[in-house]
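Side chains included, hydrogens not; waters and symmetry mates left out as well; all remaining heavy atoms used.
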Amino acid sequence: MREIEQSDQLGVRKTDLILQDIETRQQEGLSKAGVTEQSDLTDIVRFSLAGEQYAIYASYISSIHDLVAQSLTIFPIPGMPNHILGVINLRGEIIPIVDLREFFSLPADLDLNSTQIINIKFEENQSSFSVGLLVDKVYGLAKKSKTEIQPSLSTIEHIKADYIEGEIYEESGSDGEPSIVIGIINLGNVLLSEMGDRLGEYDT
(Lines give C-alpha, C1' and ligand atoms only; values in the text may rest on other atoms or scores of the structure.)
Protein backbone atom coordinates (compact mmCIF):
# COMPACT_ATOMS: atom_id res chain seq x y z
CA MET A 1 0.00 0.00 0.00
CA ARG A 2 2.89 2.37 0.84
CA GLU A 3 4.41 1.77 -2.62
CA ILE A 4 1.08 2.62 -4.29
CA GLU A 5 0.77 5.82 -2.27
CA GLN A 6 4.33 6.84 -3.14
CA SER A 7 3.65 6.16 -6.84
CA ASP A 8 0.50 8.31 -6.73
CA GLN A 9 2.38 11.14 -5.05
CA LEU A 10 5.11 10.98 -7.69
CA GLY A 11 2.46 11.22 -10.43
CA VAL A 12 0.91 14.30 -8.85
CA ARG A 13 4.32 15.94 -8.40
CA LYS A 14 5.17 15.26 -12.05
CA THR A 15 2.00 16.95 -13.31
CA ASP A 16 2.66 19.90 -10.95
CA LEU A 17 6.15 20.28 -12.42
CA ILE A 18 4.75 20.20 -15.97
CA LEU A 19 2.30 22.98 -15.10
CA GLN A 20 4.98 25.04 -13.38
CA ASP A 21 7.14 24.70 -16.48
CA ILE A 22 4.24 25.82 -18.71
CA GLU A 23 3.55 28.85 -16.52
CA THR A 24 7.22 29.81 -16.40
CA ARG A 25 7.59 29.64 -20.18
CA GLN A 26 4.36 31.59 -20.72
CA GLN A 27 5.53 34.32 -18.31
CA GLU A 28 8.90 34.47 -20.07
CA GLY A 29 7.09 34.88 -23.37
CA LEU A 30 4.94 37.71 -21.97
CA SER A 31 7.94 39.51 -20.50
CA LYS A 32 9.67 39.47 -23.87
CA ALA A 33 6.61 40.52 -25.88
CA GLY A 34 7.27 43.68 -27.84
CA VAL A 35 10.96 43.55 -27.03
CA THR A 36 12.18 40.77 -29.26
CA GLU A 37 10.92 39.20 -32.45
CA GLN A 38 8.31 36.50 -32.15
CA SER A 39 9.99 33.23 -31.26
CA ASP A 40 10.04 30.36 -33.70
CA LEU A 41 9.59 28.00 -30.75
CA THR A 42 6.33 26.64 -29.38
CA ASP A 43 5.52 24.52 -26.33
CA ILE A 44 3.58 21.28 -26.63
CA VAL A 45 2.44 18.71 -24.07
CA ARG A 46 2.83 15.11 -25.18
CA PHE A 47 0.53 12.28 -24.14
CA SER A 48 -0.45 8.80 -25.24
CA LEU A 49 -3.66 7.24 -26.52
CA ALA A 50 -3.88 3.53 -27.33
CA GLY A 51 -0.12 3.19 -27.69
CA GLU A 52 0.30 6.22 -29.98
CA GLN A 53 1.70 9.63 -29.06
CA TYR A 54 -0.15 12.90 -29.56
CA ALA A 55 0.25 16.47 -28.40
CA ILE A 56 -1.61 19.72 -27.84
CA TYR A 57 -0.24 23.23 -27.52
CA ALA A 58 0.60 24.08 -23.90
CA SER A 59 -1.12 27.46 -24.12
CA TYR A 60 -4.52 25.70 -24.00
CA ILE A 61 -3.78 23.84 -20.75
CA SER A 62 -4.93 25.17 -17.38
CA SER A 63 -4.25 22.07 -15.25
CA ILE A 64 -3.37 18.36 -15.33
CA HIS A 65 -4.86 15.83 -12.92
CA ASP A 66 -4.39 12.20 -11.91
CA LEU A 67 -7.86 10.66 -11.83
CA VAL A 68 -7.16 8.12 -9.06
CA ALA A 69 -4.33 9.82 -7.14
CA GLN A 70 -6.46 12.93 -6.66
CA SER A 71 -9.65 10.94 -5.95
CA LEU A 72 -11.60 12.64 -8.72
CA THR A 73 -15.08 11.28 -9.45
CA ILE A 74 -16.64 11.43 -12.90
CA PHE A 75 -20.41 11.83 -12.57
CA PRO A 76 -22.28 10.39 -15.60
CA ILE A 77 -24.79 12.59 -17.44
CA PRO A 78 -27.76 10.75 -18.99
CA GLY A 79 -28.31 11.15 -22.71
CA MET A 80 -24.78 12.25 -23.59
CA PRO A 81 -22.70 10.65 -26.37
CA ASN A 82 -20.40 7.80 -25.36
CA HIS A 83 -17.27 9.95 -25.66
CA ILE A 84 -18.55 12.34 -22.97
CA LEU A 85 -18.03 10.34 -19.78
CA GLY A 86 -19.70 12.89 -17.51
CA VAL A 87 -18.51 15.80 -15.41
CA ILE A 88 -16.16 16.42 -12.50
CA ASN A 89 -16.28 19.12 -9.85
CA LEU A 90 -12.90 20.82 -9.99
CA ARG A 91 -12.62 23.42 -7.24
CA GLY A 92 -16.24 24.39 -7.72
CA GLU A 93 -16.12 24.42 -11.53
CA ILE A 94 -18.13 21.75 -13.37
CA ILE A 95 -15.93 20.32 -16.14
CA PRO A 96 -17.20 17.89 -18.81
CA ILE A 97 -14.84 14.97 -19.41
CA VAL A 98 -14.19 13.74 -22.94
CA ASP A 99 -12.71 10.29 -23.49
CA LEU A 100 -10.44 10.92 -26.49
CA ARG A 101 -10.09 7.17 -27.12
CA GLU A 102 -13.83 6.85 -27.57
CA PHE A 103 -14.10 10.05 -29.59
CA PHE A 104 -11.40 8.92 -32.01
CA SER A 105 -12.75 5.31 -32.09
CA LEU A 106 -9.46 3.95 -30.75
CA PRO A 107 -9.20 0.61 -28.88
CA ALA A 108 -11.27 0.92 -25.73
CA ASP A 109 -9.20 -1.12 -23.25
CA LEU A 110 -8.96 1.90 -20.98
CA ASP A 111 -7.66 1.50 -17.41
CA LEU A 112 -9.09 4.37 -15.39
CA ASN A 113 -6.59 3.62 -12.61
CA SER A 114 -3.72 4.96 -14.72
CA THR A 115 -5.39 7.72 -16.72
CA GLN A 116 -4.94 11.46 -16.47
CA ILE A 117 -7.12 14.46 -17.25
CA ILE A 118 -5.79 17.45 -19.18
CA ASN A 119 -7.98 20.43 -18.35
CA ILE A 120 -8.37 22.70 -21.38
CA LYS A 121 -9.53 26.31 -21.44
CA PHE A 122 -10.59 26.97 -25.01
CA GLU A 123 -11.55 30.34 -26.46
CA GLU A 124 -12.38 31.04 -30.08
CA ASN A 125 -14.80 33.37 -31.87
CA GLN A 126 -16.13 34.71 -28.54
CA SER A 127 -16.89 31.14 -27.44
CA SER A 128 -15.19 29.97 -24.25
CA PHE A 129 -15.45 26.78 -22.22
CA SER A 130 -13.43 24.35 -20.14
CA VAL A 131 -13.21 20.65 -20.88
CA GLY A 132 -11.18 17.78 -19.47
CA LEU A 133 -9.51 15.42 -21.93
CA LEU A 134 -9.06 11.89 -20.60
CA VAL A 135 -5.75 10.46 -21.85
CA ASP A 136 -3.68 7.39 -21.05
CA LYS A 137 -0.54 9.14 -19.84
CA VAL A 138 0.98 12.63 -19.94
CA TYR A 139 4.69 12.50 -20.83
CA GLY A 140 5.59 16.12 -20.30
CA LEU A 141 6.33 19.47 -21.86
CA ALA A 142 8.56 19.89 -24.91
CA LYS A 143 9.74 22.98 -26.77
CA LYS A 144 9.67 22.55 -30.53
CA SER A 145 10.60 24.72 -33.46
CA LYS A 146 7.62 25.58 -35.63
CA THR A 147 9.65 24.33 -38.58
CA GLU A 148 9.62 20.87 -37.00
CA ILE A 149 5.84 20.68 -37.30
CA GLN A 150 5.06 19.05 -40.62
CA PRO A 151 1.72 18.78 -42.45
CA SER A 152 -0.26 15.75 -41.38
CA LEU A 153 0.33 12.77 -43.66
CA SER A 154 -1.05 9.25 -43.75
CA THR A 155 1.25 8.10 -40.94
CA ILE A 156 -1.53 8.43 -38.37
CA GLU A 157 -4.15 6.05 -39.65
CA HIS A 158 -6.62 5.89 -36.77
CA ILE A 159 -7.77 9.52 -36.61
CA LYS A 160 -9.48 11.62 -39.24
CA ALA A 161 -7.18 14.12 -40.92
CA ASP A 162 -9.49 16.95 -39.85
CA TYR A 163 -8.51 16.35 -36.23
CA ILE A 164 -4.73 16.44 -36.76
CA GLU A 165 -3.17 19.78 -37.68
CA GLY A 166 0.42 18.61 -37.94
CA GLU A 167 3.00 16.01 -37.04
CA ILE A 168 6.36 15.98 -35.30
CA TYR A 169 8.92 13.27 -35.96
CA GLU A 170 11.11 12.13 -33.08
CA GLU A 171 14.39 10.46 -33.99
CA SER A 172 16.09 7.72 -32.02
CA GLY A 173 19.01 5.42 -32.60
CA SER A 174 22.21 5.96 -34.53
CA ASP A 175 20.58 5.66 -37.95
CA GLY A 176 18.66 8.91 -37.45
CA GLU A 177 15.45 7.37 -38.73
CA PRO A 178 12.21 8.72 -37.23
CA SER A 179 10.83 6.17 -34.78
CA ILE A 180 7.95 8.13 -33.24
CA VAL A 181 5.30 10.22 -34.98
CA ILE A 182 3.51 12.69 -32.70
CA GLY A 183 0.21 13.98 -34.02
CA ILE A 184 -0.77 17.49 -32.90
CA ILE A 185 -4.50 17.50 -32.25
CA ASN A 186 -6.56 20.31 -33.75
CA LEU A 187 -8.58 21.33 -30.70
CA GLY A 188 -10.67 23.77 -32.70
CA ASN A 189 -12.06 21.04 -34.92
CA VAL A 190 -12.46 18.53 -32.11
CA LEU A 191 -14.12 20.79 -29.57
CA LEU A 192 -15.96 23.40 -31.58
CA SER A 193 -17.02 21.57 -34.71
CA GLU A 194 -17.99 18.29 -33.05
CA MET A 195 -18.88 19.06 -29.44
CA GLY A 196 -19.05 22.81 -28.91
CA ASP A 197 -22.82 22.95 -28.59
CA ARG A 198 -22.96 20.14 -26.02
CA LEU A 199 -19.99 21.31 -23.96
CA GLY A 200 -21.30 24.85 -23.93
CA GLU A 201 -24.16 23.66 -21.72
CA TYR A 202 -21.65 23.20 -18.91
CA ASP A 203 -19.80 26.48 -19.37
CA THR A 204 -19.35 28.34 -16.13
Side-chain angles (χ1 to χ4, degrees), residues 8-26 43-50 53-106 108 110-141 159 163-165 183-204:
D8 290 343
Q9 291 170 358
L10 286 173
V12 173
R13 285 200 293 270
K14 179 181 176 182
T15 56
D16 287 342
L17 289 173
I18 293 171
L19 286 172
Q20 289 173 9
D21 203 358
I22 291 173
E23 291 174 359
T24 299
R25 294 188 186 187
Q26 288 175 342
D43 293 323
I44 62 170
V45 170
R46 294 168 52 178
F47 58 90
S48 63
L49 289 173
Q53 288 200 32
Y54 300 93
I56 54 179
Y57 292 111
S59 57
Y60 291 116
I61 298 176
S62 59
S63 57
I64 301 173
H65 305 276
D66 246 66
L67 190 62
V68 173
Q70 296 178 245
S71 302
L72 295 174
T73 300
I74 300 177
F75 299 95
I77 302 295
M80 299 300 286
N82 291 337
H83 55 261
I84 300 183
L85 297 180
V87 297
I88 62 172
N89 186 331
L90 191 60
R91 296 185 293 273
E93 184 178 9
I94 303 303
I95 308 292
I97 302 300
V98 175
D99 181 353
L100 283 183
R101 274 184 179 244
E102 181 70 29
F103 179 76
F104 291 136
S105 300
L106 297 174
L110 186 64
D111 181 8
L112 289 178
N113 290 318
S114 61
T115 55
Q116 293 176 288
I117 293 174
I118 302 176
N119 189 25
I120 301 296
K121 189 74 173 181
F122 195 82
E123 300 180 9
E124 187 168 310
N125 298 330
Q126 298 182 339
S127 176
S128 173
F129 54 82
S130 294
V131 56
L133 304 179
L134 191 72
V135 302
D136 293 350
K137 181 181 180 180
V138 176
Y139 289 109
L141 184 68
I159 297 181
Y163 300 139
I164 300 293
E165 62 179 278
I184 299 179
I185 292 179
N186 187 322
L187 284 178
N189 286 351
V190 170
L191 299 181
L192 292 179
S193 300
E194 298 297 326
M195 297 177 291
D197 291 340
R198 296 190 184 100
L199 295 179
E201 298 173 8
Y202 303 98
D203 181 26
T204 56

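Nearest approach of Val190 to Tyr163, heavy atoms of both residues: CG2-CD2, 3.7 Å. Minimum heavy-atom separation, Ile64 to Ile61: CG1-CG2, 4.0 Å. In terms of heavy atoms, Tyr57 sits closest to Ile44 at CD2-CG2, 3.9 Å. Residues Gln70 and His65 approach most closely at OE1-CA, 3.0 Å, considering heavy atoms. The shortest heavy-atom contact between Ser130 and Pro96 is O-CD, 3.4 Å. Across every non-hydrogen atom of Val138 and Gln116, the tightest pair is N-OE1, 2.7 Å.
The distance from atom OG1 of Thr115 to atom CG of Asp66, rounded to the nearest 0.5 Å, is 8.0 Å. Here Leu191 contributes atom CG and Ile185 contributes atom CD1; the two are 9.5 Å apart, rounded to the nearest 0.5 Å. If you take CD1 on Ile95 and CD1 on Ile117, they are separated by 9.5 Å, rounding to the nearest 0.5 Å. Here the straight-line distance linking atom CG of Leu134 with atom CG of Leu49 works out to 8.5 Å at 0.5 Å rounding. Distance check, rounded to the nearest 0.5 Å: OH of Tyr60 to CD1 of Ile120 gives 9.0 Å. Here CG of Leu72 is found 7.0 Å from CG of Leu90. Values are rounded to the nearest 0.5 Å.
At least one side-chain heavy atom of Asn89 sits under 4.5 Å from a side-chain heavy atom of Ile94. Leu187 places a side-chain heavy atom less than 4.5 Å from the side chain of Leu133. Residues Ile77 and Ile84 have side chains not in contact (no heavy-atom distance under 4.5 Å, counting atoms from C-beta outward). Considering only heavy atoms from C-beta on, Phe47 comes within 4.5 Å of Leu100 through its side chain.
Ring orientation note: the planes of Phe103 and His83 are nearly perpendicular, at an angle over 60° on the 30°/60° scale.
Looking at Asp136, its side chain does come within 3.5 Å of a backbone N or O of Ala50 through a donor-acceptor pair.
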